[in-house]
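Below, chains carry the letters A, B, ... as their sequence lines are ordered, and counting in each starts from 1. The basis for the numbers below is simple: all heavy atoms, side chains too, and nothing from hydrogens, waters or symmetry mates.
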2 protein chains.
Amino acid sequence: MTDPAPKGFEAHDHNSCVSAALAAADAACAARGLQFTPVRRRTLEILLESHEALGAYDVLARLNTEGLGSKPPVAYRALAFLVEQGFVHRIERLNAFVACAHPDQEHDPAFMICRGCGTVAEAQAVQGGLAVSAQTTGFQIEQTVIEAEGLCPTCQAPAA
Amino acid sequence: MTDPAPKGFEAHDHNSCVSAALAAADAACAARGLQFTPVRRRTLEILLESHEALGAYDVLARLNTEGLGSKPPVAYRALAFLVEQGFVHRIERLNAFVACAHPDQEHDPAFMICRGCGTVAEAQAVQGGLAVSAQTTGFQIEQTVIEAEGLCPTCQAPAA
DNA sequence: GGTTGATATGTTATACTATAACACTTCGTG
DNA sequence: CACGAAGTGTTATAGTATAACATATCAACC
Ligand SMILES: [Zn+2]
Ligand SMILES: [Zn+2]
Ligand SMILES: [Zn+2]
Ligand SMILES: [Zn+2]
């Protein structure tokens with residue numbers, strides 16, 4: 001219960017986002033006996049550079065310029081690892097990936113996607129939209145995709 | 001406020017699903033001055049055959065065997081039309097399409113996707129998961145994607 | 001009835017997203 | 001040193017989606 005506020009739209013100390021996420025990933029890999037290899041670490045760092053979602057091929061292009069891999073499976077494997085470990089989330093709506101903004105908390109993510117600037121803010125998912133229906137039908141939820149598209153406060157101004 | 005119950009998992013008179021959906025589409029097109037052409041109608045009928053999501057190329061294959069088109073744009077255009085008019089929903093998680101189960105109501109859809117049998121049940125979305133976060137950040141929601149993956153009541157039995 | 005413009009369809013080509021399969025390396029274990 | 005597990009490199013291909021242009025259809029207008 002530390003920081004359930006969505007992160008992405010408001011001005012904030014982004015360096016702390018980066019360092020916190022890298023530290024959390026480091027710690028989690030150590031605790032789970034997993035290798036946080038250069039490709040994996042660099043992939044996470046690339047996604048952490050901004051609160052935007054990047055496609056796998058965008059990430060791959062970056063990796064390529066740095067000599068860390070040039071073929072799709074390299075990027076997809078690194079991204080799959082990061083998603084499995086919860087350091088990165090996949091945005092279904094965009095076929096893209098974004099670094100987790102709450103790496104220190106167990107959570108089901110939910111996202112607000114600004115169609116103006118491309119920023120993706122991560123919020124805590126509240127089991128609202130489907131919990132009741134699942135209850136009444138007996139459906140057993142294993143994973144949820146909750147993504148809203150719209151305009152962030154900044155991008156609403158020009159439209160007004 | 002007629003029938004907000006999710007439809008898909010429970011046994012039901014599926015013929016009424018089909019005829020209601022086609023009637024609603026007919027009426028809506030007439031009211032909006034849009035053409036409910038053979039390709040569009042047949043595409044909707046194909047999706048209405050079951051409460052499963054079909055990929056665009058699955059639909060295209062069906063259309064092709066019936067002489068209604070064999071190239072991707074034919075299917076994608078028909079699907080785009082049906083989605084725009086609200087007769088069909090896109091399931092982002094599956095890159096697939098499903099006929100609307102509540103064609104007579106204005107609604108933001110939410111879905112329960114059974115990974116066992118592939119059935120997709122449509123429920124009414126309740127603004128739960130993101131409304132609060134959107135409120136506090138000032139994010140203006142235009143569209144929501146709410147999809148849960150899991151096991152339907154029927155498919156839970158074998159696992160037990 | 002012929003012209004015109006809007007809408008829909010047919011088709012080619014291509015872009016974007018994702019994974020299967022296999023070769024090679026590295027590293028820790030017995 | 002043999003061995004197996006995990007990671008990476010690479011080729012090839014599968015799956016999803018759209019741009020662009022050609023053709024057809026049809027209603028409105030003159
Ligand atoms: Zn930040
Ligand atoms: Zn924005
Ligand atoms: Zn619907
Ligand atoms: Zn099922």
Novice: For residues 109-120 of chain B, tabulate all N or O donor-acceptor pairs below 3.5 Å that involve a side-chain atom, not counting sequence neighbours.
Specialist:
| residue | atom | partner | partner atom | Å |
| --- | --- | --- | --- | --- |
| B:Arg115 | NE | A:Glu142 | OE1 | 2.7 |
| B:Arg115 | NE | A:Glu142 | OE2 | 3.3 |
| B:Arg115 | NH2 | A:Glu142 | OE2 | 2.9 |

Novice: Would you mind reading off the distance between A:Ile91 atom CD1 and C:dA18 atom P, rounded to a whole angstrom?
Specialist: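 So the CD1-P distance, A:Ile91 to C:dA18, works out to 13 Å.
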
Novice: Could you list the residues that satisfy salt bridge (Lys or Arg N to Asp or Glu O under 4.0 Å) with A:Arg40, not counting sequence neighbours?
Specialist: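 For A:Arg40 there are no salt bridge (Lys or Arg N to Asp or Glu O under 4.0 Å) partners, ignoring immediate neighbours.
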
Novice: A:Leu94 has an atom CG; how far is it from atom P of C:dA18, in whole Å?
Specialist: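 Those two atoms, CG and P, are 11 Å apart.
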
Novice: Grouping I, L, V, M, F, W and Y whenever their side-chain heavy atoms are under 4.5 Å apart, do B:Ile146 and A:Val145 come out in a common cluster?
Specialist: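 No, it is not one cluster - the side chains of B:Ile146 and A:Val145 are not joined through contacts under 4.5 Å.
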
Novice: Under 4.0 Å between any heavy atoms, over every strand shown, what does B:Arg90 touch: base, sugar-phosphate, or nothing? Just pick one.
Specialist: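 Sugar-phosphate: the residue B:Arg90, judged by heavy atoms under 4.0 Å, touches backbone atoms but no base.
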
Novice: Quickly work out the B:Phe81 CZ to C:dA8 P distance and round it to whole Å.
Specialist: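 Answer to the nearest Å: 7 Å.
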
Novice: What about B:Val98 and B:Val88, same hydrophobic cluster or not, with Ile/Leu/Val/Met/Phe/Trp/Tyr joined at side-chain heavy-atom distances under 4.5 Å?
Specialist: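 No, B:Val98 and B:Val88 fall in different hydrophobic clusters.
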
Novice: For A:Arg40 and D:dT8, give me the distance from atom CZ to atom C1', rounded to whole Å.
Specialist: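 Taking atom C1' of D:dT8 as the reference, CZ of A:Arg40 is at 10 Å.
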
Novice: Starting at CD of B:Gln35 and ending at P of C:dA8, how long is that distance when rounded to a whole Å?
Specialist: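 Rounded to whole Å, this separation is 5 Å.
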
Novice: So if I define the base as every atom that isn't primed, P, OP1 or OP2, how would nucleotides 23-30 of chain C read as a B/S/- string at a heavy-atom cutoff under 4.0 Å?
Specialist: --------

Novice: Let me have the donor-acceptor pairs involving side chains of residues 63-82 of chain A, under 3.5 Å, with sequence neighbours excluded, atom names and distances please.
Specialist:
| residue | atom | partner | partner atom | Å |
| --- | --- | --- | --- | --- |
| A:Thr65 | OG1 | A:Arg62 | O | 2.8 |
| A:Glu66 | OE1 | A:Arg42 | NE | 2.6 |
| A:Glu66 | OE2 | A:Arg42 | NH2 | 3.3 |

Novice: Could you tell me which residues satisfy side-chain hydrogen bond (donor to acceptor under 3.5 Å, both in side chains) with A:Gln35, sequence neighbours excluded, listed by chain and number?
Specialist: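 A:Gln35 satisfies side-chain hydrogen bond (donor to acceptor under 3.5 Å, both in side chains) with no other residue.
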
Novice: What are the residues of residues 42-77 of chain A, sorted by number, that bring a heavy atom to within less than 4.0 Å of DNA chain D?
Specialist: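 DNA chain D contact set from residues 42-77 of chain A: A:Leu68, A:Lys71, A:Pro73, A:Val74, A:Arg77.
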
Novice: Under 6.0 Å between the ring centres of A:His89 and A:His102?
Specialist: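 A:His89 vs A:His102: aromatic centres not under 6.0 Å.
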
Novice: Considering only side-chain heavy atoms of B:Thr37, which listed nucleotide, C:dT17, C:dT9, D:dT8, is closest?
Specialist: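 For the B:Thr37 side chain, the nearest candidate turns out to be C:dT9.
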
Novice: Linking I/L/V/M/F/W/Y whenever any side-chain heavy atoms sit under 4.5 Å apart, do A:Val59 and A:Leu44 land together?
Specialist: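 In one cluster with A:Val59: A:Leu44, yes.
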
